[in-house]
Amino acid sequence: MIQETADSSGNIALTQQNSISLSSGYYLIFYKVSCIFTSANYMQITPYYNQSAHIENGIYFATTTNGSSACGSAGFIINAATPTQLSLTYSGTAPARDGELNITVLKLNR
């Protein structure tokens with residue numbers, strides 16, 4: 001991941017190339033993933049936060065035997081009762097090419 005806009009409050013920070021650090025609070029998360037498979041495959045993207053995987057907020061897309069583009073998006077709200085790391089995990093039977101990830105994280109005032 002590459003951070004496009006920094007959070008000057010320090011609540012949201014890209015701490016590693018594949019992980020976002022969130023301070024305590026409620027967050028709106030929206031993400032979109034797309035890629036190309038050259039043969040039959042599937043893409044499963046699973047968010048990880050609050051020290052566990054959350055498949056209920058994941059994306060799943062299966063391709064045909066000829067391959068195709070694959071895409072999906074999801075949005076959800078999380079309660080980070082304590083500071084947490086947010087990451088997305090890819091599962092599939094083969095590598096993807098020309099992948100793209102867009103993720104938006106907004107801290108909510110509650």
Side-chain angles (χ1 to χ4, degrees):
M1 292 185 277
I2 299 170
Q3 187 172 359
E4 186 173 308
T5 305
D7 175 21
S8 61
S9 70
N11 290 305
I12 305 164
L14 184 63
T15 52
Q16 300 173 8
Q17 189 176 7
N18 62 353
S19 181
I20 299 170
S21 177
L22 304 174
S23 64
S24 300
Y26 286 84
Y27 293 87
L28 172 65
I29 313 292
F30 180 81
Y31 70 99
K32 179 187 95 48
V33 178
S34 63
C35 64
I36 296 174
F37 294 117
T38 56
S39 61
N41 197 4
Y42 72 92
M43 170 180 72
Q44 181 172 331
I45 307 297
T46 305
Y48 181 92
Y49 57 89
N50 288 339
Q51 300 180 338
S52 65
H54 290 271
I55 197 165
E56 71 276 11
N57 297 322
I59 298 170
Y60 182 84
F61 191 104
T63 65
T64 65
T65 56
N66 296 329
S68 73
S69 59
C71 65
S73 63
F76 54 95
I77 294 174
I78 68 170
N79 175 13
T82 60
T84 190
Q85 295 293 312
L86 169 67
S87 62
L88 299 173
T89 302
Y90 165 80
S91 298
T93 55
R97 67 178 181 88
D98 298 325
E100 176 188 15
L101 166 66
N102 295 309
I103 185 166
T104 300
V105 180
L106 300 171
K107 185 165 187 185
L108 303 175
N109 290 325
R110 291 190 51 127

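Scope of the values below: all heavy atoms of this structure, side chains included, with no hydrogens, waters or symmetry mates.
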Subject >> Asn102 CG to Phe30 CZ distance, which is reported to the nearest 0.5 Å >> reply: 8.5 Å
Subject >> Smallest separation among heavy atoms of Ala94 and Phe37, with atom names >> reply: O-CE2, 4.1 Å
Original post:
Does some side-chain heavy atom of Tyr90 sit less than 4.5 Å from a side-chain heavy atom of Ile45?
Top reply: yes
Subject >> Other residues, nucleotides, ligands: >12 heavy atoms within 6.0 Å of Ile55 CD1 >> reply: no
Subject >> Closest non-hydrogen atom pair, Tyr27 against Ala80 >> reply: CE1-CB, 4.4 Å
Original post:
What do the steps show when you test Asn50 against Ser52 for side chain to side chain donor-acceptor pair (under 3.5 Å), and what is the final call?
Top reply: CA-CA 6 Å; Asn50 288 339; Ser52 65; over 6 Å; no
Subject >> Closest contact, heavy atoms only, Thr38 versus Arg97 >> reply: CG2-NE, 3.5 Å
Original post:
Taking it one step at a time, do Ser87 and Asn18 satisfy side-chain contact (heavy atoms from CB on, under 4.5 Å)?
Top reply: CA-CA 6 Å; Ser87 62; Asn18 62 353; 5.6 Å; no
Original post:
Between the side chain of Asp98 and the main-chain N/O of Ile36, is any donor-acceptor distance below 3.5 Å?
Top reply: no
Original post:
Within a strict 4.5 Å, meaning less than it, do heavy atoms of the Ile29 and Asn57 side chains meet?
Top reply: no
Original post:
Which heavy atom in Val33 sits nearest to a heavy atom in Ile59, and how many Å separate them?
Top reply: CG2-CD1, 4.4 Å
Original post:
Atom CG of Leu88 and atom OG of Ser19: how far apart are they, to the nearest 0.5 Å?
Top reply: 10.0 Å
**OP:** Hey, could you give me each pair passing salt bridge (Lys or Arg N to Asp or Glu O under 4.0 Å) that has a residue in residues 18-45? Not counting sequence neighbours.
**Re:** Lys32-Glu100
Original post:
Do Ile78 and Tyr48 share a hydrophobic cluster (ILVMFWY, side-chain heavy atoms under 4.5 Å, transitive)?
Top reply: no
**OP:** For residues Tyr31 and Pro47, determine if any side-chain heavy atom of one lies less than 4.5 Å from a side-chain heavy atom of the other.
**Re:** yes
Original post:
Parallel, tilted or perpendicular: which describes the rings of Tyr49 and His54, with under 30° parallel and over 60° perpendicular?
Top reply: parallel
**OP:** Quick one: pull up CD1 in Ile20 and CD1 in Ile12 and give me the separation to the nearest 0.5 Å.
**Re:** 8.5 Å
**OP:** Measure across Ser68 and Phe61 and return the closest heavy-atom pair with its distance rounded to 0.1 Å.
**Re:** OG-CE2, 4.4 Å
Original post:
Nearest heavy-atom pair of Ser23 and Lys107: which atoms, and what distance?
Top reply: OG-NZ, 3.7 Å
**OP:** Please round to the nearest 0.5 Å and tell me the distance separating atom CG of Asp7 and atom CG of Leu14.
**Re:** 12.0 Å
Subject >> Distance (rounded to the nearest 0.5 Å) between Ser91 OG and Tyr60 OH >> reply: 10.5 Å
Original post:
Does one hydrophobic cluster hold both Tyr26 and Leu22, with members joined at side-chain heavy-atom distances below 4.5 Å?
Top reply: no
